[in-house]
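Worksheet: one structure, shown below.
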Amino acid sequence: MNTPVFALVDCNNFYASCERLFRPDLAGRPIVVLSNNDGCVVARSAEAKSLGIKMGVPYFKIKAAYEQGGGIVFSSNYALYADISSRVMQVLEMLAPRIEVYSIDEAFIDLTGVDKILNLAGFGEEIRQKIFRWIGINVGVGIAPTKTLAKLANYAAKRWPTTGGVVDLTDPVRQRKLLQLVPVEEVWGIGRRLAKQLNQMGIHTAWQLAQANSKVIRRQFSVVVERTVCELNGQSCLALHEQPEPKKQIISSRSFGKRITEFQLLREAVSKYASRAAEKLRQQQQYCRLVQVSVRTSPFAPQEPYYSNAAVVALTLPSADSRELVQAATLGLERIWKPGYHYQKAAVMLADFWPTGTYQPSLFEVQESKPNSERLMGVMDSINRSGKGRIFLAAEGIRQPWQMKRTFLSPAYTTRISDLPRVT
DNA sequence: TCTGGGGTCCTAGGACCC
DNA sequence: TCTGGGGTCCTAGGACCC
């Protein structure tokens, strides 16, 4: 049997690179991309990183100094990133037999058996060159017998430029060398909390974690960390998943551009979120039975009273009808609304999914779905996907003064005809 | 003035059943 | 005096990921 081989391909500074793709004039300039509502820094170009801009820092804290120093800033342009991402993934699908799209900027590739035919590092180099030539995005490639080691190899590919962006970690001697260099918190699956606890146990490097007794680790932590230990030792526990698992919950949540104090406006926002969630639910061809709505004030305003609450509403029958889900969410909101607060964020979560037509109502449940629901929702979705306009429920409000801030938004270069770049 | 959004998995503890 | 054990299901909370 072949030893498994995985590659992890990861786009460098992905959101910042996407923005720069269409702005070659920004070559060499620091770029940051902000989270929704222009809140935090979520991506940085190499230049921004070397200015010391930290991941996740609230933008207002660095804004003055950063902009004065010539830094460039963008609001998140998710339509653009998703489109560039799918182009990158298409190239990978062409080059590799089996791939798992792990996130918007990463994919695992199964290279088991390929090492008999090809030089693995050479294959990694080919991936890098093709994606750069065809899409214009730089990627790093890490290759190893387990996903966790492939992640680590990818980390090395980025951390040390002399690797040329490709690290083949199939050799145990190289594995050991790298593990000894890497701090334990860089290991996939080891976050801040676990790293702190491990440090207290005297485990500071990836190598020390790999050497730990996996049973002891399981007792102290969980099977998850135990698996990580095994994976670091080259024993593959995490398989490649080509097909994404069906979702178990769908969340639509947003902070508001301005604090909300009126029930009417909060209801509009919640209706809009419920309706977005319903749209995603229909995309997955699922029906849901639970709708949870939650609201909160800002946790960062110590002088204001904090309030946060959630309500769950169960539907009698699973539904994917925006009208029913908006109604349920509104009902939940009425239960938890309290006047006098400055609301900063709301969320709608859908759960308890049922695939189309499988739900068995019990003897005493009454079938009372809205007539023509599926056809109506189908028409709504097809209009909204056509790019010609958008129809929505009046409950979502027209002015929507709570909409998120996107001050520095770039054009949707690749997905909206009017935003196509012009060459003059 | 200004602090993201969307997910997953695991565990512990309580309710409940036989 | 003496008060089981095992299983399932559900939920809340905590941890992680990008």
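Lettering of chains follows the sequences in order, A, B, ..., and the numbering in each one begins at 1. Only a predicted model underlies this, so the values are computations on that prediction, with no experimental measurement involved.
- Taking only side-chain nitrogens and oxygens, A:Lys248 comes nearer than 4.0 Å to OP1 or OP2 of B:dC9.
- In this structure, A:Asn36 reaches the sugar-phosphate backbone alone: every heavy-atom distance under 4.0 Å involves primed, P, OP1 or OP2 atoms, never a base.
- Residue contacts shown for A:Lys196 are absent, as no nucleic acid heavy atom lies under 4.0 Å away.
- Among the heavy atoms of the strands lying under 4.0 Å from A:Lys345 are primed sugar atoms or P, OP1, OP2 only; no base atom is included.
- Within 4.0 Å of A:Arg218, counting heavy atoms only, lies no atom of the nucleic acid at all.
- Looking at A:Arg296, A:Arg259, A:Lys258 one by one, the single match for side chain to side chain donor-acceptor pair (under 3.5 Å) with A:Gln344 turns out to be A:Arg296.
- Between A:Tyr15 and A:Tyr81, the ring planes lie parallel to each other; the angle is under 30°, not in the 30° to 60° tilted range.
- The separation of B:dC17 from C:dG4, taken at their C1' atoms, amounts to 14 Å, rounded to a whole angstrom.
- Which of B:dG4, B:dC9, B:dG6 sits closest to the side chain of A:Ile251 comes down to B:dG6.
- A:Asp83 contributes no side-chain N or O that, together with a main-chain N or O of A:Thr415, makes up a donor-acceptor pair within less than 3.5 Å.
- A:Asp105 comes within 4.0 angstrom of the backbone, heavy atoms only, and of no base.
- Among the atoms of the strands shown, only primed sugar atoms or phosphate atoms (P, OP1, OP2) are found under 4.0 Å from some heavy atom of A:Leu194.
- Checking side-chain atoms of A:Ser17 against main-chain N and O of A:Asn13 turns up a donor-acceptor pair under 3.5 Å.
- Across all strands, A:Gln249 comes closer than 4.0 Å to base atoms (heavy-atom distances).
- Here A:Ser76 lies out of heavy-atom contact (under 4.0 Å) with every strand.
- Across all strands, A:Val223 comes closer than 4.0 Å only to sugar-phosphate atoms, never to a base (heavy-atom distances).
- A:Ile104 comes within 4.0 angstrom of no nucleic acid atom, judged by non-hydrogen atoms across all strands.
- A:Phe221 comes within contact range of no nucleotide atom at all, as no heavy-atom separation falls under 4.0 Å.
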